[in-house]
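The structure displayed is predicted, hence computed values, not measured ones.
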Amino acid sequence: MEETISLQELFATLKKRLGLIIGITLVAAVIAAVVSYFYLTPIYQASTQILVNQEKVEQQSFDSQDIQTNLQLINTYNVIIKTPVILSKVIENLDLDTTPAELSNQLTVNSEQNSQVVNLTVQDPEAHKAVDIANTIAEVFQKEIVTLMKVDNVNILSPAVYAEDPQPVKPNKELNVAIAAVIGLMIGVGIAFLLEYLDTTVKTEHDIEELLGLPVLGLVSPISKKEVNTAIDAPKKGSSTHVKNAHI
């Protein structure tokens, strides 16, 4: 019984403050939409893949030991790709107004599980620049690894390409609006219950029952001001008539 009453009170509070909850939810969604569509800078992404092969030698087959050695080299290559040795040359070749550290933050390097393929992903506010940076990093790394590690075992599998209608990967406008709406809904519900908790005024007979712990035996109907004035004026009119009749 107590759980039923609690649920009733819960839904009664939500119904009572429904306008407030909806208003806060809409305001949060609108703010998120305005910020996402007009203030956040779109970020574009370009990717390329490189293949880490065995060092070029004259042999017809590869054994498992050779493949394992190449897989171990991938972790080393992932680190080398993001070093100033590589990124400085990329900045110089493309005449970029940035630093190796800043460019490194735009670059993501990872490898497919149990494979010799390394993925290079670059994010930038300009779509064409992201493509140029990704391809240049792959090309510079392919050349520099020969000097750095005395090997020639890197090939570019799929260079980044220019898209006719590139779509930004960030921000996700629809997701931002949805998250903001959910947060606004949670805040609205919280404020609704807070206001209900802080509201100690007595408005209904149900409030009296809860406050005093006593049942309500009866109600006094509200009397309008017009009815009060009519009730006051009625005796006066009756007295005036009586006086007039007596005088006559």
Side-chain angles (χ1 to χ4, degrees), residues 28-56 70-71 73-181:
V30 170
I31 292 175
V34 171
V35 172
S36 298
Y37 281 90
F38 299 103
Y39 290 95
L40 294 183
T41 303
I43 301 297
Y44 298 89
Q45 180 174 291
S47 300
T48 183
Q49 291 181 319
I50 62 175
L51 174 65
V52 178
N53 289 317
Q54 186 180 7
E55 185 179 357
K56 292 182 178 179
N70 290 331
L71 291 176
L73 284 174
I74 289 177
N75 291 332
T76 303
Y77 289 172
N78 290 350
V79 175
I80 293 176
I81 290 173
K82 301 186 72 173
T83 59
V85 175
I86 303 298
L87 299 184
S88 295
K89 291 186 178 296
V90 173
I91 293 173
E92 181 180 353
N93 292 348
L94 296 177
D95 193 24
L96 301 176
D97 185 18
T98 185
T99 64
E102 293 174 346
L103 183 58
S104 178
N105 293 331
Q106 297 179 241
L107 174 63
T108 302
V109 183
N110 57 67
S111 56
E112 299 292 341
Q113 186 176 7
N114 298 326
S115 75
Q116 299 169 245
V117 177
V118 177
N119 298 316
L120 305 179
T121 303
V122 176
Q123 294 185 347
D124 193 87
E126 299 180 33
H128 70 279
K129 186 180 290 186
V131 174
D132 292 339
I133 293 174
N135 288 332
T136 305
I137 289 175
E139 293 168 359
V140 170
F141 176 72
Q142 185 182 31
K143 294 177 182 178
E144 294 298 320
I145 199 65
V146 178
T147 303
L148 293 174
M149 298 189 67
K150 308 299 181 184
V151 293
D152 185 11
N153 62 345
V154 174
N155 293 309
I156 299 175
L157 284 181
S158 56
V161 296
Y162 297 99
E164 294 183 1
D165 185 21
Q167 297 297 321
V169 295
K170 293 188 298 186
N172 190 331
K173 303 179 181 66
E174 292 78 10
L175 180 60
N176 289 349
V177 172
I179 292 175

Please report the shortest heavy-atom distance between A160 and N135, naming the atom on each side. N-OD1, 2.7 Å

Would you compute the distance between atom CD1 of I145 and atom CG of N153 and round it to the nearest 0.5 angstrom? 7.0 Å

Got a second to check how far L51's CG is from I156's CD1, nearest 0.5 Å? 11.0 Å

Of the options T48, L157, I50, which is the one that meets V118 in a side chain to side chain contact (heavy atoms under 4.5 Å, CB included)? I50

Output the distance between atom CD1 (I86) and atom OG1 (T136), rounded to the nearest 0.5 Å. 12.0 Å

Look at atom NZ of K173 and say whether more than 12 heavy atoms of other residues, nucleotides or ligands are closer to it than 6.0 Å. yes

With a 4.5 Å limit on heavy-atom distance, are the side chains of I133 and L96 in contact? yes

On a heavy-atom basis, which atom in L87 and which in I81 lie closest, and how many Å separate them? CD2-O, 3.7 Å

On a heavy-atom basis, the closest approach of T121 and S47 is OG1-OG, 3.2 Å

Nearest 0.5 Å please: distance from the OG1 atom of T108 over to the NZ atom of K82. 6.0 Å

Contacts of L40 meeting side chain to side chain contact (heavy atoms under 4.5 Å, CB included) (sequence neighbours excluded), chain-then-number -> V35, S36, P171, N176

Determine the minimum heavy-atom distance between T98 and I91, stating which atoms define it. O-CD1, 3.8 Å

To the closest 0.5 Å, what do you measure between CD1 (I31) and OH (Y39)? 11.5 Å

P166 versus Y44, closest heavy-atom pair with distance: O-CE2, 3.6 Å

Kindly determine whether M149 and T76 satisfy side chain to side chain contact (heavy atoms under 4.5 Å, CB included), including the steps that lead there. CA-CA 10 Å; M149 298 189 67; T76 303; 4.3 Å; yes

What's the shortest heavy-atom distance between P125 and T41, and which atoms? CB-CG2, 4.0 Å

Would N93 and V90 satisfy side chain to side chain contact (heavy atoms under 4.5 Å, CB included), going step by step from the backbone distance to the final call? CA-CA 5 Å; N93 292 348; V90 173; 5.8 Å; no

How long is the gap from CD on E126 to CD1 on I43, to the nearest 0.5 Å? 10.5 Å

Side chain of Q116, backbone of V52: donor and acceptor closer than 3.5 Å? yes

Stepwise side chain to side chain contact (heavy atoms under 4.5 Å, CB included) test for V85 and I80: CA-CA 8 Å; V85 175; I80 293 176; over 6 Å; no

Do you see a donor-acceptor pair shorter than 3.5 Å between the side chains of Q123 and Q45? yes

Of all residues at least two apart in sequence or in a different chain, which pass the side chain to side chain donor-acceptor pair (under 3.5 Å) check with S158? Q49

